[in-house]
Amino acid sequence: MEKNIKDHDYQITKLDRNIGNKHKSFLVWFTGLSGSGKSTIANLIEQQLHNKGIKTYTLDGDNIRKGINSDLSFAPKDRTENIRRIAEVANLMVDAGVVVLAAFVSPYRKDRENIKTTVKDVNFVEVFVNTSVEECERRDVKGLYKKARAGEIENMTGISAPYEAPERPDIEIETEKETLEDSITRIMAIITPKLHLDNE
Ligand SMILES: Nc1ncnc2c1ncn2[C@@H]1O[C@H](COP(=O)(O)OS(=O)(=O)O)[C@@H](OP(=O)(O)O)[C@H]1O
Ligand SMILES: Nc1ncnc2c1ncn2[C@@H]1O[C@H](COP(=O)(O)OP(=O)(O)O)[C@@H](O)[C@H]1O
């Protein structure tokens with residue numbers, strides 16, 4: 001559709017903002033089942049980055065599904081729209097110079113591929129928080145699995161809705177096999193070089 005929208009030539013670019021901040025900006029995307037550990041890990045990574053003076057922000061269900069996406073359910077089409085909007089928001093924030101951490105179930109491979117297209121491959125790090133559904137259900141942090149088993153929640157990922165695991169994530173965290181500290185160290189080892197202005 002012809003939208004009659006023409007880009008304006010702004011003089012300050014992402015590169016200018018990155019130079020001003022003394023670090024590059026990109027999106028670190030955490031995907032995995034509810035209760036897999038996405039928020040726990042993203043929170044600790046953000047603390048480490050913040051303590052190094054990096055500009056960060058975390059997007060998660062708390063600030064997205066209660067706000068900009070409060071009109072969306074957990075039906076497949078709404079999940080796709082959820083992830084599409086989050087990718088657009090993250091893309092703006094990356095352009096603004098922020099290292100964005102995003103923790104969403106994001107169960108569909110195609111939706112996650114589309115994020116990469118929106119923010120561009122070079123700005124995207126995919127972290128697969130791989131915890132079995134049995135362990136997530138055992139943890140049942142929010143009591144959702146119990147409700148799903150009782151038929152009180154529809155489309156519960158891992159129970160009555162699918163989770164398509166990443167085939168080639170940038171990093172895979174097996175929370176049942178490694179300590180949280182080791183996971184943080186491994187993720188920081190991938191992220192840290194990407195912050196350097198001379199690295200692409
Ligand atoms: N049906 C169903 N399936 C999965 N998760 C559910 C569901 N209903 C509510 N919740 C809670 O919502 C959080 C997932 O929201 P997301 O925006 O990450 O989901 S998605 O990416 O659109 O699939 C998820 O948060 P996390 O536990 O932090 O992953 C749940 O707490
Ligand atoms: N190695 C681990 N990494 C992350 N979380 C872990 C780990 N081991 C146990 N947990 C626990 O699992 C739960 C994960 O919950 P949460 O981070 O909210 O998951 P999610 O954001 O994926 O729904 C927390 O209670 C956390 O303490």
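We number each residue from 1, following the sequence as shown. Ligands are counted one by one from 1 in listed order, and the atoms in each one are counted from 1 as well. All values below were derived from every heavy atom in this structure, side-chain atoms included, with hydrogens, water molecules and symmetry-related copies excluded.
Shortest contact from atom 21 (O) of ligand 2 to any protein heavy atom: S39 OG, 2.4 Å. Here the protein heavy atom with the shortest distance to atom 30 (C) of ligand 1 is L144 CD1, 3.3 Å. For atom 23 (O) of ligand 1, the nearest non-hydrogen atom of the protein is R79 NH1, 2.8 Å. What sits closest to atom 13 (C) of ligand 2 on the protein, heavy atoms only, is V141 CG2, 3.7 Å. When only non-hydrogen protein atoms are considered, atom 16 (P) of ligand 2 lies nearest to T40 OG1, 3.6 Å. Of all protein heavy atoms, the one closest to atom 16 (P) of ligand 1 is R65 NE, 3.5 Å. The protein heavy-atom contact nearest to atom 29 (O) of ligand 1 is K38 NZ, 2.9 Å. The closest protein non-hydrogen atom to atom 4 (C) of ligand 1 is T157 OG1, 3.5 Å. Nearest protein heavy-atom contact of atom 2 (C) of ligand 1 is N155 O, 3.5 Å. Here the protein heavy atom with the shortest distance to atom 25 (O) of ligand 1 is K142 NZ, 3.2 Å.
Near G35, the atoms of ligand 1 lying under 4.0 angstrom from a non-hydrogen atom of the residue are 27 (O). Ligand 1 places these atoms under 4.0 Å from at least one heavy atom of P107: 23 (O). Residue T175 has at least one heavy-atom neighbour below 4.0 Å for each of these atoms of ligand 2: 1 (N), 2 (C), 3 (N). The L180 neighbourhood of ligand 2 comprises atoms 1 (N), 3 (N), 4 (C), with distances under 4.0 Å to a heavy atom of that residue. When each atom of ligand 2 is checked for a heavy atom of L33 under 4.0 Å away, the hits are 22 (O). Heavy-atom proximity to S34, at under 4.0 Å, picks out these atoms of ligand 2: 23 (O). Within the listing of ligand 1, atoms 1 (N) sit less than 4.0 angstrom from a heavy atom of E154.
Taking a 4.0 Å cut-off on heavy atoms, V105 fails to register as neighbouring ligand 2. Using a 4.0 angstrom heavy-atom cutoff, S106 counts as in contact with ligand 1. The closest approach between any non-hydrogen atom of S36 and ligand 2 is below 4.0 Å. The shell of residues lying under 4.0 angstrom from ligand 2, judged by heavy atoms, excludes G32. The shortest separation from a heavy atom of G35 to ligand 2 is under 4.0 Å, placing the residue in contact.
Under the 3.5 Å distance criterion, the side-chain polar atoms of H23 are left unmatched by any main-chain donor or acceptor of K194. The main-chain N or O of Q48 is never found under 3.5 Å from a side-chain atom of N51 such that the two would form a donor-acceptor pair. In this structure a side-chain-to-backbone donor-acceptor pair under 3.5 Å is missing from N130 to E172. One N or O on the side chain of R139 and one on the backbone of S36 form a donor-acceptor pair closer than 3.5 Å. A donor-acceptor pair is defined here as one N or O able to donate and one able to accept, closer than 3.5 Å; such a pair exists between the side chain of K38 and the backbone of L33. Between the side chain of T192 and the backbone N or O of A189 there is no donor-acceptor pair closer than 3.5 Å. Under a 3.5 Å cut-off, the side chain of Y57 and the backbone N or O of A102 do not form any donor-acceptor pair. In this structure, R65 contributes its side chain and S73 its backbone to a donor-acceptor pair below 3.5 Å. A distance-only check finds a donor-acceptor pair linking the side chain of D140 to the backbone of Y145 [under 3.5 Å]. Remark: the backbone N or O of D95 is paired with a side-chain donor or acceptor of R17 at under 3.5 angstrom.
If you look at I83 next to ligand 1, the close heavy atoms, those under 4.0 Å, all belong to the side chain.
At a 3.5 angstrom cut-off on N or O pairs, R139 counts as close to ligand 2. Of the polar atoms of V105, at least one N or O is found under 3.5 Å from an N or O of ligand 1, judged by distance alone. Polar contact check, G37 against ligand 2: a nitrogen or oxygen pair lies under 3.5 Å apart.
With atom 14 (C) of ligand 1 as the reference point, the heavy atom nearest to it among F104, F74, Y163, Y145 is part of F74. Compare G37, A161, S34, P76 by their heavy atoms: the one nearest to atom 27 (O) of ligand 1 is in S34. Relative to atom 22 (O) of ligand 1, the option among N82, N69, I86 with the closest non-hydrogen atom is N82.
A salt bridge is absent between D111 and K116: the closest approach of a Lys/Arg side-chain nitrogen to an acidic carboxylate oxygen does not fall below 4.0 angstrom. Salt-bridge annotation for E135 and R138: present, with a side-chain N of the basic residue lying under 4.0 Å from a carboxylate O of the acidic one. We find that K110 and E113 are not joined by a salt bridge, their nearest charged nitrogen and carboxylate oxygen being 4.0 Å or further apart.
Of the residues listed (V98, N18, V100), the one engaging S25 in a side chain to side chain contact (heavy atoms under 4.5 Å, CB included) is N18, and it is the only one.
The number of heavy-atom neighbours closer than 6.0 Å to NZ of K146, taken from other residues, nucleotides and ligands shown, is 12 or below. For CD of E164, the number of neighbouring non-hydrogen atoms (other residues, nucleotides, ligands) closer than 6.0 Å is greater than 12.
Under the 30°/60° scheme for interplanar angles, the aromatic rings of Y163 and F128 are found to lie parallel.
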